[in-house]
Amino acid sequence: MGERLRTGVRQSDTIARVGGDEFVALIPHIDRPALADGLARKLLDSLACPLVVRGHLLTVLASIGIAMFGDTLLDHADKAMYQAKLQGGNRYQHFERSMTREHASHALGGPH
């Protein structure tokens with residue numbers, strides 16, 4: 001999957017596997033949400049083509065969290081990704097300040 005993600009970004013961008021089935025894309029010089037949306041759609045498309053592994057047809061669905069700025073960039077992207085998963089997956093979600101409160105409430109067993 002890393003190779004497929006790599007084809008969806010520029011050579012100057014960074015794709016890194018951070019564990020299990022999670023990857024991080026560091027994409028400098030994107031200053032508008034619309035550009036991030038286009039990139040997220042491109043990454044989802046790069047993963048959409050089924051693949052055959054040991055005779056089994058596999059389809060990959062991805063959830064993408066987008067954070068555009070901040071000191072806690074990875075934390076914000078993770079919260080946005082979690083929200084995308086809650087919405088059914090195979091989508092992307094921008095980080096919103098309200099996710100900090102919602103995530104904390106969910107982690108403490110409160111309403112989602």
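Just one of Tyr82, Phe69, Phe95 meets the ring pair (Phe, Tyr, Trp, His ring centres under 6.0 Å) condition when paired with His76; it is Phe95. When each of Thr59, Leu61, Val60 is checked for a side chain to side chain contact (heavy atoms under 4.5 Å, CB included) with Asn90, only Leu61 meets the rule.
Counting heavy atoms from C-beta on, the side chains of Met81 and Asp78 come closer than 4.5 Å.
Hydrophobic clustering (side-chain heavy atoms under 4.5 Å, transitive across Ile, Leu, Val, Met, Phe, Trp, Tyr) groups Leu51 together with Phe23. A chain of hydrophobic side-chain contacts below 4.5 Å, direct or via other Ile, Leu, Val, Met, Phe, Trp or Tyr residues, connects Met68 to Val9. Following chains of ILVMFWY side-chain contacts shorter than 4.5 Å, one cannot reach Met99 starting from Leu74, and the two form parts of different hydrophobic clusters. Linking Ile, Leu, Val, Met, Phe, Trp and Tyr residues whenever their side-chain heavy atoms come within less than 4.5 Å places Leu47 and Leu39 in a single cluster.
Cluster partners of Val52 are Leu57, counting Ile, Leu, Val, Met, Phe, Trp and Tyr whose side-chain heavy atoms approach within less than 4.5 Å, directly or via other members.
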Original post:
Would Asp37 and His94 count as a side chain to side chain contact (heavy atoms under 4.5 Å, CB included) if you check the C-alpha gap in whole Å, the side-chain angles of each, and the deciding distance to 0.1 Å?
Top reply: CA-CA 9 Å; Asp37 292 352; His94 285 268; 2.4 Å; yes

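Distance check, rounded to the nearest 0.5 Å: OG of Ser12 to CD1 of Ile27 gives 8.0 Å. In this structure, the separation between CD1 on Ile66 and CD on Gln83 is 13.0 Å, given to the nearest 0.5 Å. Rounded to the nearest 0.5 angstrom, Ile64 CD1 and Arg41 CZ are separated by 10.5 Å. To the nearest 0.5 Å, atoms CE (Met1) and CG (Asp21) are separated by 11.5 Å. How far CG of Leu43 is from OG1 of Thr7: 8.5 Å, rounded to the nearest 0.5 Å. Taking CZ of Arg17 as the reference point, atom CG of Leu5 lies at 12.0 Å (rounded to 0.5 Å).
A donor-acceptor pair under 3.5 Å links the side-chain atoms of Arg6 to the main chain of Gln11, judged by distance alone. Remark: side-chain polar atoms of Arg10 are not paired, donor with acceptor, to backbone N or O of Thr14 under 3.5 angstrom.
Across all non-hydrogen atoms, the minimal contact from Ile15 to Ala25 is CD1-CB, 3.5 Å. Nearest heavy-atom pair, Ala36 versus Ile30, reported as atom, atom and distance to 0.1 Å: N-CG2, 3.8 Å. When all heavy atoms of Lys85 and Ser63 are compared, the pair lying nearest together is CG-OG, 3.2 Å. When all heavy atoms of Ala67 and Ala77 are compared, the pair lying nearest together is CB-N, 3.6 Å. Scanning all heavy atoms of the two residues, the minimum distance from Gln93 to Ala84 falls at CB-CB, 3.9 Å. Of all heavy-atom pairs spanning Ser46 and Arg4, the tightest one is O-CD, 3.2 Å.
Residues that satisfy the side chain to side chain donor-acceptor pair (under 3.5 Å) test with Asp45, not counting sequence neighbours, are absent from this structure.
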